Amino acid sequence: MSRYNAKETEPKWQEAWNTAESFRAVPDDREKYYVLEMFPYPSGRIHMGHVRNYTMGDVVARYKSAAGFNVLHPMGWDAFGMPAENAAMEKGVHPGDWTYQNIADMRAQLKPMGLSIDWTREFATCDPEYYGQQQALFIDMMGKDLVYRKNAVVNWDPVDMTVLANEQVENGRGWRSGALVERKELTQWFFKISAFSDDLLDSLDNMDSWPEKVRTMQKNWIGKSTGLQFEFKTNGAPSGFEGLEVYTTRPDTLFGAAFAAISADHPLAKQLEENNPEIAAFNAECRQLGTTEEAMETAEKKGFDTGITVTHPFNDAWELPVYIANFVLMGFGTGAVFGCPAHDQRDLDFARKYDLVVTPVVCPADQDPDTFSIGKKAFTETGNLINSRFLDGLSIEDAKTEVIKRIEGKGAGAAKTQYRLRDWGVSRQRYWGCPIPVVHCEKCGVVPEKKENLPIELPKDVAFDKPGNPLDRHETWRNCACPSCGGDALRETDTMDTFADSSWYYARFTAPKAETPTDAKEVDYWMNVDQYIGGVEHAILHLLYARFFARAMHATGHLPKRATEPFNALFTQGMVCHATYQDPDGKWVNPDDTRAIEGGGFETLDGRPITVGKSIKMSKSKKNVVDPDDIIDQYGADTARWFVMSDSPPERDVEWTASGAEAAWKHLQRVWRLCVEVQEMGEGDTAQDAALEKARHRAIDEVTKGIEGFAFNKSVAALYQYTNTVSKSDASKAAKLVAMQSMAQMMQPMTPHLAEEVWAAMGGEGLVTGAPWPQVDESKLVDDTVILPIQVNGKRRAEIEVAISATKDQIEKMALETPAVTRILDGAAPKKIIVVPGRIVNVVV
RNA sequence: GCGAGCGUGGCGGAAUGGUAGACGCGCCAGACUUAAAAUCUGUUGUCCGUAUGGGCGUGGGGGUUCAAGUCCCCCCGCUCGCACCA
């Protein structure tokens, strides 16, 4: 009997799909379905994470296509970024050559996977045709005030020599380089993401098909808070600081105020340090702090009494001391607060240290206002106001309203909504990115390029022998004509953050060759992305930026209103993990350089024992990497695809094991053997046909539900079971042919090559790719009889087989006649009998 | 500290409040074989029992219910995200 030979079979069917243009997406009158996996960075090699990600998308795409949808399933490359420049510096290759070579390499690794991708739509973000349109978008966004330029303190990464967005700083370090980020003042380009703060926040509530986790993370990131901003009158402050603006979300606690505090970066603090070395030293200490997690956890609340005081807004005789405090951040609110120790833990810690008065102003319902006092824990829950003059007795909410009303009445301040979300700084002082399409003219100022001059292409002839941005040094590129007056001008040399590139590629896929960023007709047909799939690591950065861009593209007329939320459903898949291996010297060992020892365990190829560590995400540094190329070469793409869909639920991490891959391969072989057996069998007996037909419908039902519910592991389990059933069935050849045709159809999304081979062998017409999804006959899912478990007091004691049509009374009678039940009852009457038809019987004694 | 999620055999994991452990891996036994591989068949939560059978079992403790892995309360542990956000 011939073995299934994936190596020969897989390219054959890929060629057939190619010839048939099976995956070419063209608008027609069918309902469309747009499946997108987060496109890869062209590092040069695909890894198992890609295999899992793209297989999931492919299963959905192939299934939806079979289910009758017009499917769009494109692929491209997120191709700008630092690694290309690093390669240029290290190896002397041009970033463009390096990138396009990597793309070619990765495409060559991806294609053997047999993904149902419309490759005619492929593009890389570093193609001038793409980034030229991005420049057009930028110019349109300038026209709508969604881009602006300002002098700002920015996060400067001294290793990558570029600016980073807030989102790209993790624990005070650059997200790529890991270098400690410095603060630097530069003139920068910003996208006005804050213009949509509320919309970005509010619409999260309606995005039911996004993981709760991601929505929560975005909510926290946007960080909306409502409160009161008002001005204290100062006493003894330098001129120009007669007032001190503070922001609070708890205006109700104003009568519990014990002090005011400002950030070390507050203008007043900076002013004071000019003439006071002590303050200067304290401020310097504060600025150093707060970069790492541990530092913040352990950092003591510290303050410096400036000697200045502020007057309480509701009592001219009440003065509060003004401290510079290390826990007040310049980046939030006004960089100044009033401290209410009784109802804020930080303020309480601070007050205890500096021996400030702690007056409770909110009293819980179960406490006596006269004796209620605060110990080591601030009281942050609800209650009613005390010790607060005109607020006494009010609820927190009513007190807030009242304070805001009175402050507004005095003209001292107003209710205000604050966001944690900042505008997106997009200037990068790098070469390998999309050039910002503006020109600096002495006469006309900052002028956008004319659209007919787009794309502003990156110059090819650049050198990376010196640090910094080569565009700055490229005289002929820099010097240009002003688009407005035609005079001598200089080109902007900043390029855009590469996150901009990935913020609209999903829209570009709908018309990748259009002369404008999008084509109205195409974008109207294909948008939105119905199912987006990618890693949860993009929960904030990429997904928030993409949501912003969609809104900006709507504002500039490039996307319909409905596409402002571009991803209807988001699925975040787990990582691919592998056990880690260490040799006796503690060095990491690649799984390929080990072999299994009889009786368990592993050793190195030269016989030294291996310590097996826990399973973690595949990474080069831990050497626990399995190369998809090797797996495809050894077992074929279907095995790799089948394995990553088995066992683990898609949202969870999956552990790659050699035995698991082996098992996947064995199963595919078994399906093929079964197929050959059916081919070679005689006509057979039709007595068992009905049973097989039932099993077939049950399998269709389960596999379909598994795919629809993103539980591919359950679909796989159902297919295992179905294979067993078909294999053991004594049905006729005709019935088995039908059974195996359905097998091919159901396996097609996961293992398309084998499915084609089985389909062809079983006499299927044309390609199974594109064949309609098998339909479930609901009537075949129910049996004539059903096995009912009989419980006594909730414990299973027996089971009976009853007709599906049996009445409750009949079932009750049968249950009571069961030997196990009569034995336990011992002549007594049951207290109660619960019959759940088709499910269970419970006898209560 | 805040938020989210998770905790089920040796392992990955199933289970609309209704027979816990589907399916796979592994282990064990058997068939085929000179032998091995491959393949096929069967067993496999745990304890008592030759067995019919019974006890105990979903991190721990309470509760709701005829019935709880599932719902509610408290606790423990792990993972992820955010974090001095006023």
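Note that the structure is predicted; figures quoted are calculated from it, not measured. Worth knowing before you read on, the calculation uses all heavy atoms, side chains too, and leaves out hydrogens, waters and symmetry mates.
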Worksheet item: Closer to the 5' end of RNA chain B via nearest nucleotide, is it A/Asn793 or A/Gly333?
Response: A/Asn793
So which protein N/O to nucleotides 4-8 of chain B N/O distances come out below 3.5 Å?
none

Practice prompt. May I ask you to say what A/Lys831 touches in the nucleic acid, namely base, sugar-phosphate or nothing, with a heavy-atom cut-off under 4.0 Å?
Written response: nothing
Discussion item. For RNA chain B, report each stem as range with range, ordered by first number, or say none. Use Watson-Crick or G-U wobble pairs under 3.5 Å, at least 3 in a row.
Written reply: B:1-7 with B:76-82, B:10-12 with B:23-25, B:28-31 with B:39-42, B:45-48 with B:53-56, B:59-63 with B:71-75
Practice prompt. Measure the distance from CD on A/Gln721 to P on B/A22 and round it to the nearest whole Å.
Written response: 10 Å
Fill in: For A/Ile804, all residues meeting side-chain contact (heavy atoms from CB on, under 4.5 Å), sequence neighbours excluded
A/Val786
Discussion item. Heavy atoms only, 4.0 Å cut-off, all strands: where does A/Tyr720 land among base, sugar-phosphate and nothing?
Written reply: sugar-phosphate
Worksheet entry | Listed partners of A/Val337 passing side-chain contact (heavy atoms from CB on, under 4.5 Å), at least two apart | A/Ala261, A/Val328
Worksheet item: Would you say the side chain of A/Leu544 lies within less than 4.5 Å of the side chain of A/Leu421, judging by non-hydrogen atoms?
Response: yes
Report each atom pair, protein N/O against N/O of nucleotides 55-61 of chain B, whose distance is under 3.5 angstrom.
unit_1: B/G55; atom_1: OP1; unit_2: A/Arg797; atom_2: NH2; d: 3.3
unit_1: B/G55; atom_1: OP2; unit_2: A/Arg797; atom_2: NH1; d: 3.3

Discussion item. So A/Ser646, base contact, sugar-phosphate only, or nothing? Heavy-atom distance under 4.0 Å.
Written reply: nothing
So which protein N/O to nucleotides 16-21 of chain B N/O distances come out below 3.5 Å?
unit_1: B/U16; atom_1: O4; unit_2: A/Arg839; atom_2: NE; d: 2.6
unit_1: B/U16; atom_1: O4; unit_2: A/Arg839; atom_2: NH2; d: 3.1
unit_1: B/U19; atom_1: O2; unit_2: A/Arg796; atom_2: NE; d: 2.9

Worksheet item: Where each residue is assigned the nucleotide of RNA chain B containing its nearest heavy atom, which of A/Val844 and A/Thr657 is assigned the position nearer the 5′ end?
Response: A/Thr657
Worksheet item: Taking OP1 and OP2 of B/G42, is either one under 4.0 Å from a side-chain nitrogen or oxygen of A/Lys728?
Response: yes
